[in-house]
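In what follows, a structure is listed as structure tokens, so that the remarks can point back to it.
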Amino acid sequence: MATAPTISTRSLPSFEGLRPSTVRISSMGLPLKAGGLTQRSFRSLVVRAATVVTPKYTSLKPLGDRVLVKIKTAEEKTVGGILLPTTAQTKPQGGEVVAVGEGKTIGKNKLDICVKTGAQVVYSKYAGTEVEFNGSNHLILKEDDIVGILETDDVKDLKPLNDRVLIKVAEAEEKTAGGLLLTEASKEKPSIGTVVAVGPGPLDEDGKRKPLSVSPGNTVLYSKYAGNDFKGSDGSDYIALKASDIMAVLS
């Protein structure tokens, strides 16, 4: 008979002084009983926190094709003004570029970073390494992990970089083929949408841009689990993904 998994730590008296580590849960996917966890029961769970750069270091210079981004503060309220608890606040996927590396070399060509200091950028959800520097949270990530430049608060204005494509997702079907009304939870996530904007293309071995095979206005079919999802100011769903995740153009 299967028993509920136990999660434990060697010691976790408080959340002060956390250091970067890895999450491990010794379970087989069995549900945990509410109220059944105690401090003693956290033995395989280790929390990952930002790496703290001590105040004696006053400068942080990225190397190579890496970029240092100051992370945008999470929204503390909903559009309607309701205060959000920390657990419900959306983790930001954007921020301001505060420093860039010297670039990278492709073949015999030395290429500069394509974003400049001061640019407002959107990056991949799980990219980079988070650091706390000068009292603020920053992210060090590779240039290729930057999805695009966004100078407004609306994702439809995103300017994709490199081989990224911004797509407005088609609306999910409201009813089944038999006419039954679907709930939000049962609606299947669409993998079809309209291209809104495209990047300049990837670099070839000579350091030149190779144009993408899709254009704004194309209706495309893309991989279901690819890219990063965003919500537009009008409530529409958008996704930013790599051109290689687009499988076909529909007409």
Side-chain angles (χ1 to χ4, degrees), residues 65-67 69 72 90-97 100 103-107 109-116 119-128 139 141-174 177 182 184 187-251:
D65 61 344
R66 287 179 173 79
V67 177
V69 175
K72 181 181 179 181
T90 303
K91 181 180 179 181
Q93 280 180 246
E96 179 184 351
V97 176
V100 299
K104 59 184 175 182
T105 300
I106 297 181
N109 300 298
K110 181 69 179 293
L111 302 173
D112 293 332
I113 301 290
C114 64
V115 293
K116 305 298 181 185
Q120 300 293 324
V121 298
V122 174
Y123 47 80
S124 298
K125 185 178 294 185
Y126 302 109
L139 197 69
L141 68 167
K142 284 182 171 288
E143 177 190 11
D144 191 51
D145 288 323
I146 297 177
V147 174
I149 297 173
L150 183 62
E151 301 292 353
T152 72
D153 291 329
D154 197 345
V155 70
K156 71 179 177 59
D157 299 322
L158 180 74
K159 298 176 181 177
L161 297 178
N162 300 315
D163 60 344
R164 293 305 206 289
V165 178
L166 178 66
I167 295 171
K168 183 177 182 179
V169 179
E171 293 185 7
E173 293 293 334
E174 299 285 342
L182 293 170
E184 286 295 325
K187 291 178 183 178
E188 185 176 354
K189 179 184 175 183
S191 53
I192 294 175
T194 302
V195 175
V196 176
V198 300
L203 295 166
D204 62 19
E205 294 179 354
D206 296 321
K208 296 180 180 179
R209 294 286 178 184
K210 183 180 178 181
L212 301 181
S213 55
V214 294
S215 304
N218 286 159
T219 300
V220 295
L221 176 68
Y222 54 86
S223 299
K224 182 172 292 187
Y225 302 107
N228 294 269
D229 299 311
F230 301 96
K231 182 75 72 174
S233 60
D234 61 352
S236 298
D237 292 319
Y238 292 82
I239 187 169
L241 40 70
K242 291 192 173 187
S244 58
D245 290 319
I246 296 176
M247 299 184 291
V249 175
L250 305 175
S251 61

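Along the sequence shown, residues are numbered consecutively beginning with 1.
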Does D163 have any salt bridge (charged side-chain N to carboxylate O under 4.0 Å, His left out) partners at least two apart in sequence or in another chain, and if so, which? none

Minimum heavy-atom distance between G199 and L212, given as atom pair plus value: O-CD1, 3.8 Å

Go through T152 and D157 one step at a time and tell me if the side chain to side chain donor-acceptor pair (under 3.5 Å) criterion holds. CA-CA 7 Å; T152 72; D157 299 322; 2.8 Å; yes

Does the pair V122 and I146 meet the rule for a side chain to side chain contact (heavy atoms under 4.5 Å, CB included), with working shown? CA-CA 6 Å; V122 174; I146 297 177; over 6 Å; no

State, with a plain yes or no, whether a side-chain heavy atom of S215 is found less than 4.5 Å away from one of V198. no

List the steps and the verdict of side chain to side chain contact (heavy atoms under 4.5 Å, CB included) for V165 and V195. CA-CA 7 Å; V165 178; V195 175; 3.8 Å; yes

Exercise: identify the closest heavy-atom pair between D154 and S233: OD2-OG, 2.5 Å

CD on E143 to CD1 on I113, rounded to 0.5 Å: 4.5 Å

N/O donor-acceptor pair under 3.5 Å between E96 side chain and V69 backbone: no

Which atom pair, heavy atoms only, marks the closest approach of Y222 to G193? CE2-N, 3.9 Å

Taking atom CD as the centre, does E151 end up with more than 12 heavy-atom neighbours from other residues, nucleotides or ligands that are less than 6.0 angstrom away? yes

Could you go step by step and tell me if S124 and R164 meet the side chain to side chain contact (heavy atoms under 4.5 Å, CB included) rule? CA-CA 11 Å; S124 298; R164 293 305 206 289; 3.4 Å; yes

For the NZ atom of K104 and the CZ atom of R66, what is their distance to the nearest 0.5 Å? 11.5 Å

Would you check if the side chain of D206 reaches a backbone N or O of K208 as a donor-acceptor pair within less than 3.5 Å? no

How far apart are the closest heavy atoms of P216 and A197, and which atoms are they? CG-CA, 4.3 Å

Note, L111 side chain near T105 side chain (heavy atom, < 4.5 Å): no

Scanning both residues in full, the closest heavy-atom pair of L139 with G128 reads CD1-C, 4.0 Å

Over 12 non-hydrogen atoms of neighbours within 6.0 angstrom of CG in D153: no

Do P202 and R209 have side-chain heavy atoms sitting under 4.5 Å apart? no

So which of D245, I167, L166 actually passes side chain to side chain contact (heavy atoms under 4.5 Å, CB included) with I239? I167

Non-hydrogen side-chain atoms of V214 and V220 separated by less than 4.5 Å: yes

Any idea which heavy atoms bring P200 and P160 closest together, and the distance? CD-O, 3.9 Å

Flag yes if more than 12 heavy atoms outside K110 fall under 6.0 Å of its NZ atom; otherwise flag no. yes

I246 vs L221 side-chain heavy atoms within contact, under 4.5 Å: no

For salt bridge (charged side-chain N to carboxylate O under 4.0 Å, His left out), just list the numbers for D204 and K210, CA-CA rounded to whole Å, side-chain angles, deciding distance to a tenth of an Å, and then say yes or no. CA-CA 7 Å; D204 62 19; K210 183 180 178 181; over 6 Å; no

Quick one: pull up NZ in K159 and CD in Q120 and give me the separation to the nearest 0.5 Å. 12.5 Å

So V121 and L150, do their side chains get closer than 4.5 Å, heavy atoms only? no

Is the shortest heavy-atom distance from the side chain of K242 to the side chain of D144 under 4.5 Å? yes

Test item: L241 and N228 side chains (from C-beta on) under 4.5 Å apart, heavy atoms: no

Who passes salt bridge (charged side-chain N to carboxylate O under 4.0 Å, His left out) against D237, sequence neighbours left out? K231

What's the spacing between K156 NZ and S236 OG if we round to 0.5 Å? 10.0 Å

Taking it one step at a time, do Y238 and V169 satisfy side chain to side chain contact (heavy atoms under 4.5 Å, CB included)? CA-CA 5 Å; Y238 292 82; V169 179; 5.6 Å; no

